[in-house]
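For reference, the structure discussed in these notes is given below.
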Number of protein chains: 2
Amino acid sequence: MKEARYRQIYQLLKSRIQKDQYSVGTLLPSENELCRDFSITRTTARKALDMLDREGYIKRTRGRRSQVIERRHSLGLLSVKGFSEAAGTHVETIMLAGPELASWPTGMVFPPEETELSRPAIFFSRLRKLDGQVVMHESNWFSSIGFEHFTGQQFIDGSFFKTLSQRHLIEITGSTQELHAILARGEVARLLRISEGAPVLQICIKFSTSRPGLNIYSRLYCNTETYPIGNTYVH
Amino acid sequence: MKEARYRQIYQLLKSRIQKDQYSVGTLLPSENELCRDFSITRTTARKALDMLDREGYIKRTRGRRSQVIERRHSLGLLSVKGFSEAAGTHVETIMLAGPELASWPTGMVFPPEETELSRPAIFFSRLRKLDGQVVMHESNWFSSIGFEHFTGQQFIDGSFFKTLSQRHLIEITGSTQELHAILARGEVARLLRISEGAPVLQICIKFSTSRPGLNIYSRLYCNTETYPIGNTYVH
DNA sequence: TAGTGGTCTAGACCACGGT
DNA sequence: CCGTGGTCTAGACCACTAG
């Protein structure tokens, strides 16, 4: 059972995009060029391009070659409203810890698999500020299996997901989230700089990835008073 | 500029599924039968089926005809954890009001368009209970334009979205949500049967639909103490 | 074994973009 | 105008399902 030809072409083009060999704005080879280069017919070439299009890597226009675009992240994720959109607001990320090796926390909402727990976790936490106000505290864990040189690294453009994609060719394939409205106590109140008993939103997320056995576990505390949490989904 | 043949076939098959002419479990005509019936080639028939597959209307298996399946609604929506999944828990929906004509509320998070506001809203509200406990209060508004006989109707299987789809062939095409953690006050506390000052999750949603100019506006208050809000997204 | 869906070839015509 | 992507035809071979 060998992999379909159009899937191979798709994988090849995708990895080139991920590795920035085709950077945003680049025009891909035309369908006819792909046919010649890989000895395939247009049907096969188009199937590969169709997948890249559907997954948001390229934009296709009649009469024009396919163009690499900024990948949309409508992964059902929630994000602080105004984080990457609002021009004019001042965004700041403060790395509190890591990425570093750490023991797994106990009592996680989504319990990791045995294999994940067999090695220490890679952990990092950060604060997110908008216009000087702390709006979110974020903690992240994932198994160190297969990540020998991850700790201490700087993220590409400050983005963890971009780093995963470009340096390790790992994509987020899905997510499960759980939301609780709770009252801020102790450390949470202190980190978010709000009073004890203020309402905050706790979000626990399990991201699944394209690497089998690898999941990312996140726990967020959000002050939604000024900046609500939002997301948009486009079919 | 006429519509592509494969799109016509796709629309036809989809409407048959929506209208329950092909109900869940039904095997669709085979690709070769579609070719004969509509005088097309397999490439064209397959493109229509591919779309139905991607949008979650059918499941395709090699050696077997395509089968109509229960449509997955991973629309980035949030839902009370355990609402449709948890076997054993007792789910109850209490209609509090409507569907009935009402004036539009003021101060909505997502302001409706002028055309929507030019006619009164259709409004309905309900309480959701799990195991006898009230976990959510839900209010919904949408413009009465084009809905002359909607008020007073019973929903199909108690589902508003199913009713929209089957009776009016309207699908949800996207959603934008905004979340706030707030403290329950007055009516909200009373409806959810919790004490004043308890933390609750407020969710405001704007659903866009396949009918131009029609949006559904919802406001939810959730008691997340026992049952968190969750969602899963699969790429 | 017959029928089915998954893949692929080798053409064709059209609408649209940029030159 | 040429090259591009969008659509479609008419075949072919294979792997799988089900009787």
Side-chain angles (χ1 to χ4, degrees), chain A residues 1-17 22-72 235, chain B residues 1-17 21-72 234-235:
Chain A
M1 179 59 186
K2 75 184 221 298
E3 194 174 32
R5 197 84 181 96
Y6 74 89
R7 280 188 181 284
Q8 298 174 20
I9 311 292
Y10 156 78
Q11 288 290 353
L12 178 68
L13 294 176
K14 191 176 78 167
S15 74
R16 284 185 183 169
I17 293 173
Y22 295 145
S23 53
V24 171
T26 304
L27 296 177
L28 287 192
S30 76
E31 298 179 354
N32 284 319
E33 282 174 2
L34 291 175
C35 293
R36 284 200 298 277
D37 293 355
F38 297 107
S39 303
I40 54 179
T41 54
R42 265 188 77 206
T43 312
T44 307
R46 281 183 64 75
K47 246 187 134 168
L49 292 173
D50 281 344
M51 291 180 71
L52 292 172
D53 186 22
R54 278 200 302 277
E55 296 183 9
Y57 289 99
I58 63 173
K59 184 176 72 121
R60 316 185 77 193
T61 317
R62 193 191 298 240
R64 214 165 160 275
R65 296 183 173 206
S66 298
Q67 186 173 34
V68 178
I69 57 176
E70 193 64 49
R71 187 142 153 51
R72 59 176 153 73
H235 194 120
Chain B
M1 180 59 188
K2 78 185 221 295
E3 194 175 30
R5 198 86 181 91
Y6 74 89
R7 280 188 181 282
Q8 298 174 20
I9 312 292
Y10 156 77
Q11 288 290 353
L12 178 68
L13 294 175
K14 191 177 79 167
S15 74
R16 284 185 183 167
I17 293 173
Q21 290 172 17
Y22 295 144
S23 54
V24 172
T26 304
L27 296 178
L28 288 191
S30 75
E31 298 179 355
N32 285 319
E33 282 173 4
L34 291 175
C35 294
R36 284 198 299 277
D37 295 354
F38 297 106
S39 303
I40 53 179
T41 53
R42 266 189 77 205
T43 311
T44 307
R46 281 182 64 75
K47 246 189 132 166
L49 292 173
D50 280 345
M51 291 180 70
L52 292 172
D53 186 20
R54 276 200 302 275
E55 295 183 11
Y57 288 99
I58 63 173
K59 183 175 71 121
R60 318 186 73 193
T61 318
R62 182 179 291 189
R64 213 166 163 273
R65 295 182 172 206
S66 299
Q67 187 173 33
V68 179
I69 57 175
E70 192 66 50
R71 188 140 159 26
R72 58 176 154 76
V234 182
H235 193 120

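Here is how names work: the chains are called A, B, and so on, in the same order as the sequence lines, proteins then strands, and each is numbered from 1. Source: prediction; values computed, not measured. Values reported hereafter were calculated over all heavy atoms of this structure, with side chains retained and with hydrogens, waters and symmetry mates removed.
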Nearest-Å distance for atom pair OH/P, residues B/Y10 and D/dG6: 18 Å
Whole angstrom value for the distance that separates P of D/dT4 from CD1 of A/I58: 15 Å
Residue-phosphate contact under 4.0 Å: A/R46 side-chain N/O, D/dG6 OP1/OP2: yes
B/D50 CG to D/dT7 P, straight-line distance once rounded to whole Å: 13 Å
Toward the 5' end of DNA chain C, by each residue's nearest nucleotide, B/T61 or A/T44: B/T61
Heavy-atom check, side chain of B/F38 versus side chain of B/L12, under 4.5 Å: yes
Student check: side-chain heavy atoms of B/Y22 and B/I58 closer than 4.5 Å: no
CD1-CD distance between A/I17 and A/E55, expressed to the nearest 0.5 angstrom: 10.0 Å
Under 4.0 angstrom between B/Y6 side-chain N/O and D/dC8 OP1 or OP2: no
Whole-Å gap separating P (D/dT7) and CZ (B/R7): 7 Å
Rounded distance (Å) that lies between atom C1' of D/dT4 and atom NZ of A/K59: 14 Å
For atom CZ of B/R60 and atom C1' of D/dC16, their distance in whole Å: 14 Å
Touch class at under 4.0 angstrom, heavy-atom based, for A/R5 against every strand present: sugar-phosphate
Contact check, side chains of A/Y57 and A/V68, non-hydrogen atoms, under 4.5 Å: no
Sugar-phosphate only, base, or nothing, as touched by B/L49 at under 4.0 Å among non-hydrogen atoms: nothing
pair A/K47-A/R5: side-chain heavy atoms closer than 4.5 Å: no
Phosphate OP1/OP2 of D/dT7 contacted by B/K47 side-chain N/O (<4.0 Å): yes
Strictly under 3.5 Å: I want the nitrogen or oxygen pairs between protein and nucleotides 1-3 of chain C, one per line.
unit_1 : atom_1 : unit_2 : atom_2 : d
C/dG3  : N2     : B/G63  : O      : 3.4

Residue pairs passing the side chain to side chain donor-acceptor pair (under 3.5 Å) test where at least one lies in residues 32-42 of chain A, sequence neighbours excluded: A/E31-A/R42, A/E33-A/R65
Each nucleotide N or O in nucleotides 10-13 of chain C that has a protein N or O under 3.5 Å away: list the pair and distance.
unit_1 : atom_1 : unit_2 : atom_2 : d
C/dA12 : N6     : A/R42  : NH1    : 3.4

Min side-chain heavy-atom separation B/L28-B/L34 under 4.5 Å: no
Donor-acceptor contact below 3.5 Å, side chain A/Q67 vs main chain A/L27: no
A/K14 side chain reached by A/M51 side chain, heavy atoms, under 4.5 Å: no
Value in whole Å for how far the P atom of D/dG6 lies from CG of A/L34: 13 Å
Nucleotide opposite D/dG19 in a Watson-Crick or G-U pair, distances under 3.5 Å: none
OG1 on B/T26 to CZ on B/R16, rounded to 0.5 Å: 12.0 Å
Nearest-angstrom distance from the residue atom CZ of B/R36 to P of D/dT9: 15 Å
